[in-house]
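Right, one structure below, let's go through it.
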Amino acid sequence: MRLRKIKLTNFRGYRNTTEINIDEGMTGIVGRNDFGKSTILEALAIFFETEGMKADRNDMNCFSLREGASRFEICLLYTSDAADDRISV
């Protein structure tokens, strides 16, 4: 399984929808301080730790829902041996 894209909607500092393409040769995330590198890793951790779990409104506070938004989405697109698969939390 290979991660191809991360899509974050209303998650922490990522307003509206942000898509991050993961190229085949990508091995790290670099950038200036406070530009969302750790947020990407936190989104991945939440995604894999909560698969199949439905969070209620009180649980969303611990996931750093963007202020003013009523919900957030973490979506990963990955390639498996069988075909492209998409799972959303």
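- One finds the CD1 atom of I29 at 6.0 Å from the CD1 atom of I6 (value rounded to the nearest 0.5 Å).
- Evaluation of the side chain to side chain contact (heavy atoms under 4.5 Å, CB included) rule for R2 yields R4, E24 as partners, not counting sequence neighbours.
- What you find for I74 and A43 is that their closest heavy atoms are CD1-O, 3.7 Å.
- Residues L44 and L76 form a side-chain contact, since some pair of their non-hydrogen atoms from C-beta on lies under 4.5 Å apart.
- Distance check, rounded to the nearest 0.5 Å: CZ of R71 to CZ of F11 gives 14.0 Å.
- Residue L3 comes nearest to Y78 through the heavy atom pair CA-CB, 3.9 Å, listed as atom of the first residue, atom of the second, then distance.
- Rounding to the nearest 0.5 Å places CD of E73 at 7.0 Å from OG1 of T17.
- Here the closest heavy-atom approach between residue M26 and residue N21 is recorded as SD-O, 4.2 Å.
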Which pairs of donor and acceptor atoms, one on a side chain in residues 30-41, lie under 3.5 Å apart (sequence neighbours left out)?
from : atom 1 : to  : atom 2 : distance (Å)
K37  : NZ     : G31 : O      : 3.2
K37  : NZ     : R32 : O      : 2.6

With side-chain contact (heavy atoms from CB on, under 4.5 Å) as the test, would you mind laying out the steps for L77 and K7 before giving the verdict?
CA-CA 8 Å; L77 176 66; K7 183 172 87 170; over 6 Å; no
